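Just so you know, these numbers come straight off a predicted model, no measurement behind them. Because only heavy atoms are used, hydrogens play no part in the values below, and waters and symmetry mates are left out as well, while side chains stay in.
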Amino acid sequence: MATHANIMIWFLVSQVVFLVMVPRIEAKVPAVIVFGDSSVDAGNNNFIPTVARSNFQPYGRDFAGGHATGRFSNGRIATDFIAQRLGIKQTIPAYLDTAYNISDFATGVTFASAGTGYDNVTSDVLSVIPLWKELDYFQDYQKELKAHLGEKQANQTITEAVYIISVGTNDFLENYYAFPSRRRSEFTITQYQDLLAGIAESFVKKLHSLGARKISLGGLPPMGCMPLERTTNMMGQHLCVESYNNLALEFNGRLSNLVVKLNKQLPGVKLVFSNPYYAFMHIILKPALYGFEVTQLACCATGMFEMGYACGRTNPFTCPNADKYVFWDAFHPTEKTNHIMADYVVKKFLYKFL
């Protein structure tokens, strides 16, 4: 605990400046290409047979036109704001969304699938798109891009694009620590982290082999502070689950070391570790600095455990103003939190690509 406290004190002293919104950056990258889970899925799951969906109200109620797109938020998600901050566009569309085509995807696309993880077993839990399949979609996209832009310009876009990977939370909370858990009977938590880090390494190497050079590998947030985890932490007085937060810190350390290693190994790569943990924890510990009032409960429904279909339009408890809440549902941040975190990630990590 002492180490964790010292790290937090350092962060509070040195990073409060990130409250200031970074100015809009003129586009120096041609596209933002996204892989991952519900943190960055803009609606791919709408087009596959799974219960892991959010294409209904009140999801999207603060999105343009009040449209529920399949984003797990009341509005936009972090990658939308990143694309805006990079001067590219307002939103990043889902690859499987038939309302868009290659001309839309040429400047940004997400292959992410809510409920997925590094581990294929994680994607099986809710029958969603596994991470390897997201890479398959990326290869299909490359062919479409070359037909659309021509070989030379398409290759330039592929090389200069910023690649964002945001995944991992589900591997622990939906898979390893679920009951019953196949993985927990097969691996200790240390061994399982090693397994996931190995998959992350293979994924980045494959992405590099397909032409990616500017890659952001995202870390885990303080997942023990999600409303669902606090709700079920009855013995701990509904405080954040420290064991989960410590696990996030430990796994983030593995990913950080992996980034250092791969930057030395992969020719021409610019790989960054985008760590959301301390910035997100700062919001939870000091919500008033950001205009938030509620951190323990989510806006949707009772705010204790609902997400997806449990977060329905008929629930009478959903809050009127999501901007007062850090979390939208029991697992996902509000649009306002996504905006703050996106600004932080661009200013702290992605600036290296500009």
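Within the structure, the salt bridge (Lys or Arg N to Asp or Glu O under 4.0 Å) test picks out the following pairs touching residues 189-211 (sequence neighbours left out): Asp194-Arg254, Glu201-Lys205, Glu201-Lys261. Applying the salt bridge (Lys or Arg N to Asp or Glu O under 4.0 Å) rule to pairs touching residues 112-128 yields Asp119-Arg183, sequence neighbours excluded. Residue pairs satisfying the salt bridge (Lys or Arg N to Asp or Glu O under 4.0 Å) criterion with at least one member in residues 133-142, sequence neighbours excluded, are absent. Listed by first and then second residue, the salt bridge (Lys or Arg N to Asp or Glu O under 4.0 Å) pairs that reach into residues 38-60 come to none, sequence neighbours excluded.
Scored by the side chain to side chain donor-acceptor pair (under 3.5 Å) test, Asp62 finds Asn74 as partners (sequence neighbours excluded). For the ring-ring contact (aromatic ring centres under 6.0 Å, His included) test, no residue two or more places apart in sequence or in another chain qualifies with Phe331. Annotation: ring-ring contact (aromatic ring centres under 6.0 Å, His included) contacts of Phe349 (sequence neighbours excluded): Tyr344. Tyr95 is linked by a ring-ring contact (aromatic ring centres under 6.0 Å, His included) to Phe105, Phe111, Tyr137, counting only residues two or more places apart in sequence or in another chain. Scanning for side chain to side chain donor-acceptor pair (under 3.5 Å) contacts around Arg184 gives an empty result, with sequence neighbours left out. Looking at residues two or more places apart in sequence or on another chain, you find a side chain to side chain donor-acceptor pair (under 3.5 Å) between Ser39 and Asp37, Ser166. Every residue was checked against the side chain to side chain donor-acceptor pair (under 3.5 Å) condition with Asn263, not counting sequence neighbours, and none meets it. Partners of Tyr309 according to the ring-ring contact (aromatic ring centres under 6.0 Å, His included) rule, which considers only residues two or more places apart in sequence or in another chain, are Phe56.
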